[in-house]
Each structure stands twice: as structure tokens, then as C-alpha cells.
There are 2 protein chains.
Amino acid sequence: MVREVEVPEIVVRRLPIYVRALAQLEAQGVKTISSLELGRYIGITAAQIRKDLSYFGEFGKQGRGYEVSHLLREIKRILGLTRVWPMVVVGAGRLGQAIASYDGFKPRGFEVVGVFDNDPAKIGQPVGHLVIRDVSELPAAVRAHDIKIGIVAVPAAEAQKVADLMVQAGIRAILNYAPTALHVPAGVRVEDIDPVVTLQSMTYYLVNSESRDPAGTACPGAAEG
Amino acid sequence: MVREVEVPEIVVRRLPIYVRALAQLEAQGVKTISSLELGRYIGITAAQIRKDLSYFGEFGKQGRGYEVSHLLREIKRILGLTRVWPMVVVGAGRLGQAIASYDGFKPRGFEVVGVFDNDPAKIGQPVGHLVIRDVSELPAAVRAHDIKIGIVAVPAAEAQKVADLMVQAGIRAILNYAPTALHVPAGVRVEDIDPVVTLQSMTYYLVNSESRDPAGTACPGAAEG
DNA sequence: GGATGTGAAAGTGTTCACAGCC
DNA sequence: GGCTGTGAACACTTTCACATCC
């Protein structure tokens, strides 16, 4: 298949889940896996995995399944993970510092290369192996290193201002930790990470499941064959 | 309408977004809002908001729109946010400590009441106004305070073991920060927060948008973490 | 007049089921 | 025999459009 149809966004969102699982399986020494087994492992149906992959090509062998390291490499290529993506973080509070010094980015394709804040007391302080810089220096840094990804880690009240600055500087993807909706022009992506929003949807099921559904979805990765 | 039909999960996931927006609007002194205005504010269509709300009742006034504080109160009630939910955190590394001392939970209906780890060097150390306890004490704490929500903040390799322990202790909702899929019995919910998974889907659009779509969806505002 | 609430239509996404290949 | 890749069927979600009511 040669991608005549646009790939649904929801499929793209699942690919990183496959990458994560395949990397674990590869580390465990698993050489080959069927869509059924992979599905059980990550809680998705086998048909869905096969369908998702079919948007990009044919990666399996009939009767055998998929070669783990080959499939992993292919999906990484599709997602643009053959390189390391530099990122900037704005906001050097507790959250921003935790993000900036998180060592889980590098092995999965990302690297924080700059941390910015507007608090004079913070500027100049070290965070991991970086030094907090004044946010006014952000545009130059973004342009100098052609950085496409920005992380917003400031309070909600300042998040839009920071997003505007990032967009102005040329950032095209924003990971937003501030608990507020950001408005950006077409051509820029925003993804929110707000644990409270996530928790608040779980409480719905905690209070609405006494008798009926004993509380939500079961283990997916169902049957088929 | 009296809820004859089960509420779609995707609708439940949007309700916290409405809560977040309405709380901000209320704080700004906005008294009344139409579905169109609210939709613009959070990047969702007006029809979608009206449809979502229709699963739970009639909250607006035709010709007027919605009274902000009334709608906020109603959605919070639907989500079970009229109380504060106690939570336990397992994993007292940098991430677990950041979570345990995050002050953004309390004003939005959650409170970390226990932090656990299995590292003798950490046990007894203070985190915020809590003290790190041995993970073996978790079940008793969960039962004693009837805690339903657990947060997993340990390395991927230990996450399943921790989830099993939580489930065994009576936890019914898990917020999983470990970058791995958890398996839990029906009746227990899991939500993952893995910023790398989120970033990895954004890179797809960074790499695949030279000409066609100038890089993804327009005004976002939705989503979660 | 103006905005809600909602059936019906349109659009998306998932699952089925099986031909085809290893 | 076993498992992929994929049209077709089915299920779900969003959008439309308008009767209804303030």
C-alpha cells in the first residue's frame, strides 16, 4: 500500500505505544511477535495493530508475525525518530527543573538543550548540566539551533504569553504542562499534559460504577484469529 | 434527558476540560457564557459542547447560554468532585517527590496522603509535609483511609509489581507515570502519562508536513495528559 | 432575537472475516 | 497450519440544522 489516504491522527498517536513496547520486547530478547501477542502486551486488538501498520506499508511475514527489531526501526523512521530532537523548556520552577533534568528523554529521541525563566533569582542557576537563562534569549536560541519543540512549564496565567513567544520564535510543537488551553496558529501543534484532568475523568467512574459496569474497561487485547 | 444511554467515555474525558475552563472564567468574573464562546475558549465546537452536556441534563437557558458557576458546579458533581480524593504515590525518586509535593492537586479535588518507596535510604525522609514510608505499609494505609487512587512513579521495570500491589490493596484507579503498559483486572482503571509518547506523535507531523497540511490541526486546547 | 437541546446525517474509527502467502 | 493485510460491515463520534423556549 502506498499511502493514498491521509493517515488518521489517532493512528499516529498509537505508533509511539508500539515503539515503547517493541523496544521493551527487543531488550528482553524477543525476536519475533505476532499482532495477537503484541496486542495482548499493550492492550489493543490484533486487528487494530495490523490495520494501523497497513497505513504505512507491509512489515510482517504471513504465518510468522513481525520481526521485532525491524518493525521497531520502521515505526521509528515513520515517526521521525532516527534523530535526537532538541527542545527548550520555559519555566524553571520545580516542574520545569524536573523536566529539564529528566534523563528519560535522551534514550527515546529527545534532549532539553535550554531552560528559560524570567525570574532574575533563577537566571544563572544550574539545572542538570544546563544553566537557566533569561526568557528573552529564547528566540535566538531557537533560531540558532533550529529547535522545533518547546515545553511550557510556567503557571497557567503566563502560559499563553510563553506560547506566543515560542511560536514567534519558530517553535512548531508545544508540550504544555500548564493547566490551561493554549491558542496557537494553524501549523503549530499543542499537546497538554494535565494530570488533574486525567484524574478527574477517572473519578467519574469511581462514583458511577457501584452496580453496573464494575468500573470501566476490562483488559482489551481480546481474541480474534 | 434522563440518561437512558450509557455516556461515551470520550465525553467523560472532555468534562474535566470544561471544568478547568469554567473555573478560570469564573475566576475572571464571567457570569454567563454561550456554547459558542466556551467552545472558542477551549478549542471545541459549540455543537459538541451542547451534545456532551445533553448526556447529563439541561444546564443552559435558551437565548442566554450557561450560567458559569452553575454549570461548573453541575459538572463537578457529575465527576464526583464535590469531595477531595486522597491518593497514594509509590516511588519517591525525583518524579515521585515532585508529584507528592505538587500544590496544584488540592484546589482541584485531590490530595496525596502517602508516599512510599522500597529504598531504605529514602524511607523516613520528608517530602513536603509527608514522610516516605516503606511500600509494605501501603496496603494498610489504603485500607485505613479507603483510598481509591494510586500514582505509580517507579521505573518501568517495577511498575507492574507496584500496580499489582495497589490493586491487591483495593486501589481502583491508577495514574501511571512509568513508561510501560500496565495490566490490571477489569474494574480497575489505568491512565498513562508518558510525555515521550506524546512528543513522539508530534514529531510525525514535524517530519511529514512540508507542503500538504501546513502542520496539523488548528486551534487545539483539548487533550489531556 | 438568540441560544439551547437533539434527532438525523455525515464522518471517523474499529472489528470482522477471509483471501493470500509463508 | 498460522498469521498478515485489507475490503466490507459495523460501531462510534461529530456536525448539522432546526424546533423549541427564554
Side-chain angles (χ1 to χ4, degrees), chain A residues 1-15 17-18 22 30-68 70-71 74-75 201 217-218 220-225, chain B residues 1-15 17-18 22 30-68 70-71 74-75 201 213 217-223:
Chain A
M1 208 226 195
V2 195
R3 192 146 95 234
E4 303 130 4
V5 178
E6 201 53 45
V7 178
E9 177 164 330
I10 193 158
V11 171
V12 174
R13 285 176 187 272
R14 275 192 294 263
L15 296 183
I17 304 287
Y18 301 160
L22 291 166
V30 177
K31 297 298 181 204
T32 278
I33 195 163
S34 68
S35 60
L36 189 65
E37 293 167 316
L38 181 58
R40 285 223 188 85
Y41 189 71
I42 60 190
I44 288 185
T45 66
Q48 178 134 79
I49 291 171
R50 296 200 302 274
K51 188 64 143 182
D52 284 355
L53 297 178
S54 77
Y55 284 100
F56 304 98
E58 309 192 356
F59 306 107
K61 287 194 176 52
Q62 281 146 326
R64 299 283 165 81
Y66 303 89
E67 207 233 307
V68 171
H70 174 245
L71 183 57
E74 288 295 308
I75 303 180
S201 66
T217 201
E224 188 266 341
Chain B
M1 207 222 195
V2 194
R3 191 149 93 235
E4 303 130 2
V5 178
E6 202 52 45
V7 179
E9 178 165 329
I10 195 160
V11 171
V12 174
R13 284 177 187 274
R14 275 192 295 264
L15 296 183
I17 304 288
Y18 301 160
L22 290 166
V30 177
K31 298 297 181 203
T32 278
I33 196 163
S34 68
S35 58
L36 188 65
E37 293 166 316
L38 181 58
R40 284 220 190 87
Y41 189 71
I42 60 188
I44 288 185
T45 66
Q48 179 138 80
I49 290 171
R50 295 201 302 275
K51 188 65 146 183
D52 284 354
L53 297 178
S54 76
Y55 283 100
F56 304 98
E58 309 192 357
F59 305 107
K61 287 194 177 52
Q62 280 148 328
R64 298 285 164 79
Y66 303 89
E67 207 234 308
V68 172
H70 174 246
L71 183 56
E74 288 295 309
I75 304 180
S201 67
D213 176 19
T217 201
C219 266

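Just so we're on the same page: letters track the sequence lines, and every chain starts at 1.
- In this structure, CG of A:Leu38 is placed 14 Å from P of D:dC3, rounded to the nearest angstrom.
- Of the side-chain N and O atoms in A:Gln62, none sit less than 4.0 angstrom from OP1 or OP2 of C:dG20.
- The base of D:dG5 does not come close enough to the side chain of A:Lys61 for any donor and acceptor atom to sit less than 3.5 Å apart.
- Residues B:Leu71 and B:Tyr18 form no side-chain contact, since every pair of their non-hydrogen atoms from C-beta on lies 4.5 Å or further apart.
- Counting to the nearest Å, the C1' atom of D:dG5 and the CZ atom of A:Phe56 are 15 Å from each other.
- When rounded to the nearest whole Å, the span between CG of B:Leu36 and C1' of D:dA17 equals 15 Å.
- Using a 4.0 Å heavy-atom criterion, one finds that B:Arg50 contacts the bases of the nucleic acid, with or without backbone contacts as well.
- A:Asp52 places its CG atom 10 Å from the P atom of C:dT15, with the value rounded to the nearest Å.
- Residues A:Phe56 and A:Ile75 form no side-chain contact, since every pair of their non-hydrogen atoms from C-beta on lies 4.5 Å or further apart.
- Proximity of B:Tyr66 to B:Leu53: side-chain heavy atoms (C-beta onward) are separated by under 4.5 Å at one or more points.
- Atom pair B:Ile10:CD1 and C:dT12:P shows a separation of 14 Å (rounding to whole Å applied).
- The backbone N or O of B:Thr45 sits nowhere less than 3.5 Å from a side-chain atom of B:Gln48 that would complete a donor-acceptor pair.
- Atom CG of B:Leu71 and atom P of C:dT4 are 11 Å apart (whole Å).
- Note on B:Thr45: a side-chain N or O is less than 4.0 Å away from OP1 or OP2 of D:dT15.
- Comparing A:Arg64 and A:Val11 by the nucleotide of DNA chain C that holds the closest heavy atom to each, the one mapping nearer the 5' end is A:Val11.
- Look at OH on A:Tyr55: it is 16 Å from C1' on D:dT4, rounded to the nearest Å.
- In terms of phosphate contacts, A:Tyr66 brings a side-chain nitrogen or oxygen within less than 4.0 Å of OP1 or OP2 of D:dG5.
- When each of C:dT15, C:dT4, D:dT13 is scored by its nearest atom to the side-chain atoms of A:Lys51, the top-ranked nucleotide is C:dT15.
- Checking C:dG5, C:dT14, D:dC3 against the side-chain heavy atoms of A:Arg14 singles out C:dT14 as nearest.
- Computed from coordinates, the B:Ile44 CD1 to D:dT15 C1' distance equals 14 Å when rounded to whole Å.
- Note: B:Asp52 CG to B:Ile10 CD1 = 8.5 Å, rounded to the nearest 0.5 Å.
- Of the candidates C:dT15, D:dC3, C:dT6, D:dC3 carries the atom nearest the A:Ser34 side chain, counting heavy atoms from C-beta on.
- With distances taken from any side-chain atom of B:Glu58 to the nucleotides C:dT6, C:dC16, D:dG2, the minimum falls on C:dT6.
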